[in-house]
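Nothing fancy with the numbering, it's 1 onward along the sequence. Computed from a prediction, not measured in an experiment: that's the story for all the values here.
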Amino acid sequence: MTQTDPLPPAAPETAADDKEAGNSGAGSSGVNWWHEVKSIVLLILAVLAFHSFVAKPFYIPSESMMPVLLKGDRLVVSKFPYGWSYVSPSFHPLPFLKGRILGHLPERGDIVIVSPQNRREDYIKRVIGLPGDIIEVRGGQVILNGVPVPQKVLKPLRIAVDGNAPCPPMQFPGALVTDKAGKSWCELPVRQEVLPNGKTYVTIDMGPSALDWYGPVRVPADHVFLMGDNRDNSADSRAPLEENGLGGPVPWEAIGGRAEFITFSLDGDSSWNPISWFHAFRGGRAGNSLRPQSVTEAK
């Protein structure tokens, strides 16, 4: 009976083997920079596409749409209700291009964003007139196709004074008041208007102004006539381009979207201290719809 030879001992790992294994591990755990850059670029393109074709945030920089919108409000603007045009891309890189893709005219009463001629910025106004309408303003009252738009004077509206709503005397003369508790308010004269389609909203009218008289003007085909709710302080279709207005009815291609709802609002009194950011939020404005209500008559 023979005895088998024992197995030879395993050869020890060499330094070269260790080096090769180390290189393999480093390669598998390294950063693929091209992949990372490509992912970031794709993410940016996806965000821009969403902003351009679906919805985008919007910041209210002025008082032209008071009282429904205050300076410091943040809101969502949907891009698709009226189709898409040359102003749909977020940064307006395109020159004027006639027509819209899947285009629809706005309804009277809609709040829309619009890009004035020869400018690369957005305004926000309310649709008052549609193609074929004859628009006049007489003593602050809108006359649509020869019929005065019904107005009803309401109880004065008080808006809390803050950094974004300081109630400047040049815009609101005599409106700054103080209550018994020492709190400052902007007390504004307001009126309710009801358009022919039943859409209703509230406007501010501080008294006689140059914008209280306009027209008559017929709205051309594929154009809309826009006005701000703060009737004496709005660079809208009544104001010439030289005064930063819209210069009359605007082509529907200039409409960039419809305002939907407020996401949050800041009073402008925050500082670099993060604690102040929480106090800067205005209560009761988040989630407010910006679609006009419908009624059969002014209330």
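- Residue pairs satisfying the disulfide bond (SG atoms under 2.5 Å apart) criterion with at least one member in residues 200-257, sequence neighbours excluded, are absent.
- The backbone N or O of P189 sits nowhere less than 3.5 Å from a side-chain atom of D205 that would complete a donor-acceptor pair.
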Where do V41 and K38 land on the side chain to side chain contact (heavy atoms under 4.5 Å, CB included) test, with the steps shown first? CA-CA 5 Å; V41 170; K38 184 170 68 174; 5.8 Å; no

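- Within the 4.5 Å cutoff, side-chain heavy atoms of I128 are placed close to those of M227.
- Distance alone, capped at 3.5 Å, places no donor-acceptor pair between the D267 side chain and the D162 backbone.
- Partners of E242 by side chain to side chain donor-acceptor pair (under 3.5 Å), not counting sequence neighbours: none found.
- Note: the hydrophobic cluster containing L102 does not contain L105 (ILVMFWY, side chain heavy atoms under 4.5 Å, direct or indirect links).
- One N or O on the side chain of D236 and one on the backbone of G228 form a donor-acceptor pair closer than 3.5 Å.
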Solution key, residues 207-217 side-chain donor-acceptor pairs under 3.5 Å, sequence neighbours excluded:
{"from": "S209", "atom 1": "OG", "to": "L211", "atom 2": "N", "distance (Å)": "3.4"}
{"from": "S209", "atom 1": "OG", "to": "D232", "atom 2": "OD1", "distance (Å)": "2.8"}
{"from": "D212", "atom 1": "OD2", "to": "S209", "atom 2": "N", "distance (Å)": "3.0"}

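- Under the 4.5 Å side-chain criterion, counting only non-hydrogen atoms from C-beta, D122 is not in contact with V114.
- For R218 (side chain) and I134 (main-chain N/O), no donor-acceptor pair under 3.5 Å exists by modelled atom type.
- Cluster annotation: V142 is not connected to V295 through the hydrophobic network of ILVMFWY side chains, with a link wherever side-chain heavy atoms come within less than 4.5 Å.
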When you look at V161 and K183, which way does the side chain to side chain contact (heavy atoms under 4.5 Å, CB included) test go after all the steps? CA-CA 8 Å; V161 171; K183 183 176 178 60; over 6 Å; no

Is there a side chain to side chain contact (heavy atoms under 4.5 Å, CB included) between I111 and R291? Walk through the geometry before answering. CA-CA 7 Å; I111 298 176; R291 304 298 304 278; over 6 Å; no

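- A continuous path of ILVMFWY side-chain contacts below 4.5 Å connects L226 to Y82, so both sit in one hydrophobic cluster.
- Other residues, nucleotides and ligands place more than 12 heavy atoms under 6.0 Å from the CG atom of L42.
- V68 and I60 fall within a single hydrophobic cluster, where Ile, Leu, Val, Met, Phe, Trp and Tyr side chains are chained together by heavy-atom contacts under 4.5 Å.
- Side chain of R282 to main chain of L266: a donor-acceptor pair is present (N/O by atom type, distance under 3.5 Å, no hydrogens or angles).
- Under the 3.5 Å distance criterion, the side-chain polar atoms of H51 are left unmatched by any main-chain donor or acceptor of S90.
- The closest side-chain heavy-atom distance from V190 to K155 is not below 4.5 Å.
- Between the side chain of W84 and the backbone N or O of F53 there is at least one donor-acceptor pair closer than 3.5 Å.
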Can you list, pair by pair, the side-chain donor-acceptor contacts under 3.5 Å of residues 243-263, counting residues two or more places apart and other chains?
{"from": "N244", "atom 1": "OD1", "to": "R119", "atom 2": "NH1", "distance (Å)": "2.8"}
{"from": "E253", "atom 1": "OE2", "to": "G99", "atom 2": "N", "distance (Å)": "2.6"}
{"from": "R258", "atom 1": "NE", "to": "E260", "atom 2": "OE2", "distance (Å)": "2.9"}
{"from": "R258", "atom 1": "NH2", "to": "E260", "atom 2": "OE2", "distance (Å)": "3.1"}
{"from": "E260", "atom 1": "OE2", "to": "S78", "atom 2": "OG", "distance (Å)": "2.5"}
{"from": "T263", "atom 1": "OG1", "to": "R74", "atom 2": "O", "distance (Å)": "3.0"}

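- The only member of R231, K199, K152 that meets salt bridge (charged side-chain N to carboxylate O under 4.0 Å, His left out) when paired with E193 is R231.
- With hydrogens and angles disregarded, no donor-acceptor distance shorter than 3.5 Å links the side chain of K56 to the backbone of F50.
- Rounding to the nearest 0.5 angstrom, the gap separating the CG atom in L69 from the OG atom in S62 is 9.5 Å.
- Here the CZ atom belonging to R138 is positioned 6.5 Å from the CD1 atom belonging to I143, to the nearest 0.5 angstrom.
- A distance of 14.0 Å separates OG in S184 from CD1 in I159, rounded to the nearest 0.5 Å.
- Taking the ring axis of Y201 as reference, the NZ or CZ atom of R126 stays within 45° of it and closer than 6.0 Å to the ring centre.
- Listed for the S234 side chain is no donor-acceptor partner under 3.5 Å among the backbone atoms of N230.
- Taking NZ from K125 and CE from M65, the interatomic distance works out to 8.0 Å, rounded to the nearest 0.5 Å.
- D73 and S265 share a side-chain donor-acceptor pair at under 3.5 Å.
- The backbone N or O of W33 lies less than 3.5 Å from no partner atom in the side chain of H35, so there is not a single donor-acceptor pair.
- Using a 4.5 Å heavy-atom cutoff, the side chains of F58 and V76 are not in contact.
- With sequence neighbours left out, the ring pair (Phe, Tyr, Trp, His ring centres under 6.0 Å) criterion links F96 to Y86.
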Please lay out, stage by stage, how Q151 and Q192 fare under the test side chain to side chain contact (heavy atoms under 4.5 Å, CB included). CA-CA 5 Å; Q151 288 184 336; Q192 183 182 25; over 6 Å; no

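- Counting heavy atoms from C-beta on, the side chains of L154 and V202 come closer than 4.5 Å.
- Counting all heavy atoms, side chain and backbone alike, P106 lies closest to L130 at O-CD2, 3.4 Å.
- Note that CD of E63 and NZ of K71 are 5.5 Å apart. Values are rounded to the nearest 0.5 Å.
- Listed by first and then second residue, the disulfide bond (SG atoms under 2.5 Å apart) pairs involving residues 70-167 are C167-C186 (not counting sequence neighbours).
- How far CZ of F278 is from OG of S270: 11.5 Å, rounded to the nearest 0.5 Å.
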